[in-house]
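Take a look at the structure below.
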Amino acid sequence: METKAMDSASKDPWQEMFPLNEARQATEFLVTTWHRITSESPDRFSPGMSEPVLTEIFWWYLNQTSTSVGRLTGQWSYERHLLELDPATKKFMKRMRMDITYFSNAQLPQLDMVYEFKKLKPESASRGKYRGKDGLQRFVDGYYAKHQPIAAMVGMTLSDRAGCISKLAADLAKSTAHTSLSMVANGAGKHVCAPSEVFGTHAEFDTQHVRPADQAWAGGNIRVAHIFLPLPGCT
């Protein structure tokens, strides 16, 4: 798949065609809720728990306090199931379960913000899973956040949070990642954009990717914000 910029950083049409303010409010609530509940109830977020268990518990807290604390009007969903229909064979394919999604139709176009959670260590194998077919790759050619201009990867760090971030950013700055993940440089020529233009201080950096035409939104590439949330005991 050819990797080229489908929209320019100077125009940023996604900011005009996407309810970015509400996405930022939802993300701020997600990040602050994580820090609050992992501090108040660390036993509920044991690093030894599986990713599905951790995200399901976290979704419960988000869902319970979204209106009363977050003052959000949308809905949080956990492992929402999606099917894709193959236009050629008319058979269903790509049975997917997205970790956590925030949906709102308070504005048009409607907001469908997908957060993909992965446990993360600074070691190479763990970083590879974060970038791979069950992680970041899902937003490139795996139908996740289909027709959406932004999405988020959430690394649940198990140890050395700073090391996780710096090593992953270095991985994504390599030409091999640019090719395998169909990455696009921003207006300054950077493939890893820090600080985040999408979510500010709530994300460490952004990446931009070309998607197949049947998955991309009308304005071009998808921007993925990378958020890193420490599990209890992570330094």
Side-chain angles (χ1 to χ4, degrees), residues 22-80 97-104 111 113-123 125-132 134-136 138-139 144-145 150-169 171 194-196 198-207 224-235:
E22 188 173 5
R24 286 172 169 164
Q25 291 169 3
T27 298
E28 179 180 11
F29 175 66
L30 180 145
V31 171
T32 56
T33 298
W34 176 275
H35 289 301
R36 177 176 59 82
I37 62 175
T38 55
S39 176
E40 294 176 354
S41 305
D43 56 309
R44 293 185 181 273
F45 292 86
S46 169
M49 293 177 174
S50 67
E51 288 171 2
V53 171
L54 287 167
T55 52
E56 183 176 26
I57 293 172
F58 184 45
W59 163 79
W60 184 88
Y61 280 100
L62 291 172
N63 195 51
Q64 288 293 308
T65 60
S66 184
T67 301
S68 60
V69 177
R71 304 301 181 188
L72 297 170
T73 58
Q75 296 181 334
W76 295 92
S77 66
Y78 166 71
E79 289 206 342
R80 190 176 72 192
R97 294 182 299 174
M98 293 180 289
D99 283 350
I100 291 179
T101 305
Y102 178 77
F103 172 81
S104 172
L111 173 62
M113 183 70 209
V114 179
Y115 302 86
E116 173 67 13
F117 284 70
K118 299 296 293 183
K119 291 171 72 173
L120 183 62
K121 297 178 181 179
E123 286 76 21
S126 181
R127 304 195 318 268
K129 290 180 179 179
Y130 179 101
R131 301 189 311 270
D134 293 327
L136 179 58
R138 287 174 164 172
F139 293 120
Y144 271 46
I150 67 171
M153 284 292 299
V154 183
M156 299 180 288
T157 58
L158 292 153
S159 61
D160 188 8
R161 179 178 179 274
C164 288
I165 295 170
S166 62
K167 291 180 180 180
L168 186 61
D171 292 340
S196 170
V198 178
F199 293 137
T201 59
H202 299 300
E204 295 297 325
F205 55 81
D206 304 331
T207 53
V224 180
H226 297 258
I227 301 167
F228 299 91
L229 303 177
L231 284 160
C234 174
T235 57

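When reading the values below, keep in mind they use all heavy atoms of this one structure, side chains included, and skip hydrogens, waters and symmetry mates. Quantities reported herein were computed from a predicted structural model and do not represent experimental measurements.
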Min side-chain heavy-atom separation Leu62-Tyr78 under 4.5 Å: no
Phe228 and Phe205 aromatic ring geometry - parallel, tilted or perpendicular at 30°/60° bounds: tilted
Spacing of CZ belonging to Phe58 relative to CG belonging to Asn63, to within rounding of 0.5 Å: 12.0 Å
Within-4.5 Å side-chain heavy-atom neighbours: Ile57 and Met49: yes
Salt bridge present between Asp171 and Lys167 (N-O < 4.0 angstrom): no
Distance-only side-chain donor-acceptor flag, Arg44 / Tyr61, under 3.5 Å: yes
Considering all heavy atoms, the nearest Ala26-Leu72 contact: CA-CD1, 4.0 Å
Over 12 non-hydrogen atoms of neighbours within 6.0 angstrom of NZ in Lys129: no
Residue pair His202 / Ile227, side-chain heavy-atom distance below 4.5 Å: no
Approximate separation, where rounding is to 0.5 Å, of Met153 CE and Thr207 OG1: 9.0 Å
Geometric class of the Trp76/Phe29 ring pair [parallel <30°, tilted 30-60°, perpendicular >60°]: tilted
Closest contact, heavy atoms only, Val198 versus Arg24: O-NE, 2.7 Å
Donor-acceptor contact below 3.5 Å, side chain Arg161 vs main chain Cys234: no
Spacing of Ser159 atom OG and Glu123 atom CD [to the nearest 0.5 Å]: 5.5 Å
Residue pair Leu168, Glu204: steps toward the side-chain contact (heavy atoms from CB on, under 4.5 Å) verdict: CA-CA 11 Å; Leu168 186 61; Glu204 295 297 325; over 6 Å; no
Straight-line distance of Arg127 CZ to Leu136 CG, nearest 0.5 Å: 14.0 Å
Interatomic distance, Gln75 atom CD to Thr101 atom OG1 [nearest 0.5 angstrom]: 11.5 Å
Contacts of type side chain to side chain contact (heavy atoms under 4.5 Å, CB included), residue Thr73, not counting sequence neighbours: Glu22, Ser104, Ala106
Closest non-hydrogen atom pair, Gly74 against Ser66: O-OG, 4.4 Å
Chi angles and distances behind the side-chain contact (heavy atoms from CB on, under 4.5 Å) call for Leu54, Leu231: CA-CA 10 Å; Leu54 287 167; Leu231 284 160; 4.1 Å; yes
Considering all heavy atoms, the nearest Thr55-Met156 contact: CG2-CE, 4.4 Å
Considering all heavy atoms, the nearest Asp206-Ser196 contact: OD1-OG, 2.6 Å
Nearest heavy atoms of Leu158 and Pro47, plus distance in Å: CD2-CB, 3.5 Å
Donor-acceptor under 3.5 Å (Ser166 side chain, Gly163 main chain): yes
Passing candidate, side chain to side chain donor-acceptor pair (under 3.5 Å) with Tyr130, options His226, Lys121, Glu116, Lys118: His226
Heavy-atom side-chain proximity of Pro230 to Phe45 below 4.5 angstrom: no
Thr38 OG1 to Leu229 CG distance, which is reported to the nearest 0.5 Å: 8.0 Å
Tyr102 and Thr27 side chains, donor-acceptor separation under 3.5 Å: no
